[in-house]
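For reference, the structure is listed below as structure tokens.
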2 protein chains.
Amino acid sequence: MALGVGEHMLDSSRADILEAAAHCFMERGYSATSIDDVARRLGATKGRIYHHYSSKSDLFADVFRFGMEMNYKAIEPLRHSREKAVERWRKMAFVHVVQMITKRQFQRVVWEGVEMHLRGATTPEQRTVFADLIGSRARYSDVFRDLLAEARDDGDMAFGNLGITNQLVFITLNSPIFWYSPRAGETEGYIREIARQIVSFAMHGLGMKEGNP
Amino acid sequence: MALGVGEHMLDSSRADILEAAAHCFMERGYSATSIDDVARRLGATKGRIYHHYSSKSDLFADVFRFGMEMNYKAIEPLRHSREKAVERWRKMAFVHVVQMITKRQFQRVVWEGVEMHLRGATTPEQRTVFADLIGSRARYSDVFRDLLAEARDDGDMAFGNLGITNQLVFITLNSPIFWYSPRAGETEGYIREIARQIVSFAMHGLGMKEGNP
DNA sequence: GTCTATATGGTGATAGAC
DNA sequence: GTCTATCACCATATAGAC
């Protein structure tokens with residue numbers, strides 16, 4: 001029940017599988033992860049997984065989907081506030097980074113899913129499953145990109161090529177999925193402090209003054 | 001012979017294998033790449049590969065090694081110049097980014113090698129092979145980090161935590177391995193312009209004024 | 001719903017011809 | 001030095017008991 005999302009809840013059996021799968025995919029990557037690995041982490045056998053998912057790529061896609069749902073949910077309250085674009089961007093960037101840190105397993109899967117798509121490494125059948133996920137992810141990225149454009153028009157940001165800049169910013173915001181490692185006694189305040197430094201770095205790169213969310 | 005490195009040249013047979021392997025590992029990742037894939041790309045069979053390398057991880061390690069050798073070679077002339085740290089950092093960052101773009105296959109393998117190490121996904125025997133490679137990569141990163149510290153002492157940069165900042169900067173500089181895609185009629189000037197924008201973004205993030213290498 | 005087989009295919013690695 | 005078998009193993013996915 002900890003994994004409630006949007007208007008519906010996931011039954012706990014499925015939530016357990018998602019959590020275990022996300023963790024395994026994060027640790028070993030899609031290809032090196034076997035269904036047996038996920039089952040072992042669940043303390044079960046693969047029969048249980050195949051009862052809920054028809055294939056490994058189906059399972060992977062559902063983890064991907066759930067990761068994106070969490071992201072949209074996190075920024076939703078901030079998207080349509082009446083503040084200036086630069087301020088909306090700053091707050092959204094902050095909660096995005098916190099997501100990257102606290103939901104690391106799922107965000108790594110999202111990243112690898114995008115990677116697989118960009119490399120064209122997916123099989124034809126996988127493309128159908130992936131299509132709307134990749135679209136969802138692209139639209140999510142566009143939300144941030146459009147705010148950058150708006151903030152530049154407002155004169156609150158200064159940068160060169162919009163597409164490249166958004167790539168640089170996004171990879172900066174996503175980077176903790178690669179280098180952050182949780183430590184004992186990790187507090188919410190500690191995580192927020194890390195996130196603050198990352199957003200600050202990105203904002204400077206965007207030609208802005210300092211700011212504390 | 002195009003792959004000459006350091007004081008020695010690689011025999012062309014081995015250079016061909018390295019190039020093909022790098023390309024396959026870039027496209028599919030380590031685990032999803034089979035020796036047959038590499039052989040197919042060579043227009044050969046795996047007998048040829050196993051004559052030069054005793055295992056898949058050995059081959060991967062050699063691609064990793066070669067990628068790092070290229071990196072060290074690229075920054076070597078700049079490391080010990082007598083300019084200020086901030087200026088040395090800027091020039092080294094620039095050639096590093098150009099490497100990321102122009103030697104993308106090898107740099108992706110370096111990235112995945114580091115990833116595999118961080119995830120602890122390597123088998124005990126692989127750790128021995130990887131150990132010095134990871135060390136080499138860590139020292140390479142430290143070269144940049146130490147310059148950041150020096151530049152901050154000089155009063156030429158302003159940032160918070162050194163370790164986090166170096167991670168953010170490094171991931172920014174490395175990012176084209178993920179999003180850059182070569183296009184027809186790609187000129188050296190075009191690549192340098194992209195690199196210039198990336199370094200500029202990073203430098204702003206480091207609390208510096210604009211600069212054109 | 002979850003388990004225990006088991007069918008099936010692919011992959012790393014080796015042996016031996018040329 | 002490269003090729004053509006071939007082996008042994010592991011992983012996806014299924015079938016059917018409980």
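Chain identifiers are assigned alphabetically (A, B, ...) following the order of the sequence lines, protein sequences preceding nucleic acid strands; residue numbering begins at 1 within each chain.
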Check your understanding: In chain order, what residues pass the salt bridge (charged side-chain N to carboxylate O under 4.0 Å, His left out) check against B/R145, with sequence neighbours excluded?
Key -> B/D142
Review point. Can you pull the salt bridge (charged side-chain N to carboxylate O under 4.0 Å, His left out) pairs that have at least one residue in residues 51-66 of chain B, sequence neighbours excluded?
Key: B/R14-B/D62, B/D62-B/R65
Point to revise | Residues that A/A44 engages under side-chain contact (heavy atoms from CB on, under 4.5 Å), provided they are two or more places apart | key: A/L42, A/R48
Exercise for review: Shoot me the first and last contacting nucleotide of DNA chain D against chain A, ordered 5' to 3', at under 4.0 angstrom to non-hydrogen atoms.
Suggested key: D/dA11 to D/dT14
Exercise for review: Would you please say whether a donor-acceptor pair under 3.5 Å links the side chains of A/D16 and A/S13?
Suggested key: no
Point to revise | Sub-6.0 Å ring centroid separation between B/F201 and A/F159 | key: no
Review point. In chain order, what residues pass the salt bridge (charged side-chain N to carboxylate O under 4.0 Å, His left out) check against B/D132, with sequence neighbours excluded?
Key: none
Pairs under 3.5 Å (N/O, protein and nucleotides 10-13 of chain C):
from, atom 1, to, atom 2, distance (Å)
C/dG12, OP1, B/T33, O, 3.4
C/dG12, OP1, B/K56, NZ, 2.9
C/dG12, OP2, B/I35, N, 2.9
C/dA13, OP2, B/Y50, OH, 3.2
C/dA13, OP2, B/K56, N, 2.9
C/dA13, N6, B/K46, NZ, 2.9

**Study point:** Under 3.5 Å donor-acceptor, A/N71 side chain and A/M68 backbone
**Key:** no
